[in-house]
2 protein chains.
Amino acid sequence: MKGLGELERSIMDILWAENAPLTAREVGRLIEDRDLAPTTVMTVLDRLSRKGFLTRTRDGRAWRYQPAASRDAYVAELMLEALDMTGDRDAALTRFARAVSGTEAEILRKALTELGEE
Amino acid sequence: MKGLGELERSIMDILWAENAPLTAREVGRLIEDRDLAPTTVMTVLDRLSRKGFLTRTRDGRAWRYQPAASRDAYVAELMLEALDMTGDRDAALTRFARAVSGTEAEILRKALTELGEE
DNA sequence: GTCACCTCTCTACAGGACGTAGTACTACCC
DNA sequence: GGGTAGTACTACGTCCTGTAGAGAGGTGAC
């Protein structure tokens, strides 16, 4: 996988937040802060789907874009990818476990427990 | 933090593997596969220390480079950074916990347990 | 002392990713 | 049939990275 640029991430965030597939125009309307040309949004949407982050389906003349995977899946994949980088996965995992805050450690513990019960 | 390029990572790997601080020449000797100019290695070492990945100390005319942090720390930080990207950390963590393989889940569980006992 | 050599710093350049957008073509509505 | 919306294609500046040369300054050999 590859990382995302800043604008790419903003757009992914919009699409992840929305549940329905959006057109370029709709996405553009949802980025108020920046004053982007419509073609800019279209270009980025196109690149994102080319990279596999988005799926698109026709809606009349327009395309509707939606995330190919959930944000959680993306984040989890990034984390696994980072983990793959090390020679000593155990050490990295241990260090990671120590670094997450209390509540999150709880979440992790719970998820792992459920995992064990399945 | 920022990601590393391919050559940058190779060089970090060498320095992480070694326990002693190395000079550019020594690092260059340890990358056999590629036939790099000495200045190339020096440039990359310089960039890495400028980015904070390496520390360097004088040794006569030469610099000796060593990692500023362990690879585990780096990996853990990357993982945390990925985690920061999501709005719903819990969901991402849960998904991550489900994605790690059995033995690693065990490691995580153990680290978390020790954490709880402290 | 001078020459060869090592290492450093500075500068450079090509390729790719990303932000940004214009242009030209097409299809639809009224 | 002209405005409008949407597309595909093309383009350009910037930054990062891989790669390396040129020039400066010290060091040891002779």
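Throughout, protein chains are lettered first and strands after them, A, B, ... in sequence-line order, and every chain is numbered starting at 1.
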Base, sugar-phosphate, or nothing for Gly3(A), non-hydrogen atoms under 4.0 angstrom?
sugar-phosphate
Can you tell me the distance, in whole Å, between the CD1 atom of Ile31(B) and the P atom of dA20(D)?
11 Å
Decide whether Met85(B) and Phe53(A) are clustered together by the hydrophobic rule: side chain heavy atoms of Ile, Leu, Val, Met, Phe, Trp, Tyr closer than 4.5 Å, transitively.
yes
Are Arg50(B) and Asp46(B) within salt-bridge range, i.e. N to O under 4.0 Å?
yes
Just the rounded figure in Å: distance from C1' of dC6(C) to CD of Glu26(B).
14 Å
OP1 or OP2 of dA21(C) less than 4.0 angstrom from a side-chain nitrogen or oxygen of Thr40(A), does that happen here?
yes
Please work out if Leu36(B) contacts a base, only the sugar-phosphate, or nothing of the nucleic acid, heavy-atom cut-off 4.0 Å.
sugar-phosphate
Regarding Thr23(A), tell me which of base, sugar-phosphate or nothing describes its non-hydrogen contacts under 4.0 Å with the strands shown.
nothing
Provide, to the nearest angstrom, the distance between the CE atom belonging to Met42(A) and the P atom belonging to dT10(D).
16 Å
Taking Arg71(A) for the side chain and Thr86(B) for the main chain, is one N or O donor matched with an acceptor at less than 3.5 Å?
no
Side-chain N or O of Lys51(B) closer than 4.0 Å to phosphate OP1/OP2 of dC16(D)
no
Nearest-0.5 Å distance, CD of residue Glu8(B) to CG of residue Leu48(B):
5.0 Å
Starting at CD of Glu8(A) and ending at P of dA17(C), how long is that distance when rounded to a whole Å?
11 Å
Under 4.0 Å: is that the gap between some side-chain N or O of Arg25(A) and OP1 or OP2 of dG6(D)?
yes
Any donor-acceptor pair under 3.5 Å between the side chain of Thr43(A) and the base of dA21(C)?
yes
Whole-Å distance separating the CG atom of Leu45(B) from the C1' atom of dT17(D):
14 Å
Given atom CG of Asp46(B) and atom P of dT7(C), what is their separation to the nearest angstrom?
16 Å
Whole angstrom value for the distance that separates C1' of dT7(C) from CZ of Arg58(B):
9 Å
So for Arg61(B) and dC8(C), does any side-chain atom that can act as donor or acceptor lie under 3.5 Å from a complementary atom in the base?
no
OP1 or OP2 of dA8(D) sitting under 4.0 Å from any side-chain N/O of Arg56(A)?
yes
Scan Arg34(A) against the nucleic acid and name what it touches under 4.0 Å (heavy atoms): base, sugar-phosphate only, or nothing.
sugar-phosphate
Please report the distance, rounded to the nearest Å, between CD in Glu6(B) and P in dG15(C).
17 Å
Using heavy atoms to find the nearest nucleotide of DNA chain D for Ala62(A) and Gly5(B) separately, return the residue whose nucleotide is more 5′.
Ala62(A)
Can you see if the side chain of Arg47(A) gets near the phosphate of dG19(C) - specifically, an N or O under 4.0 Å from OP1 or OP2?
no
In Å and rounded to the nearest 0.5 Å, what is the CZ to CD1 distance from Arg9(A) to Ile11(A)?
13.0 Å
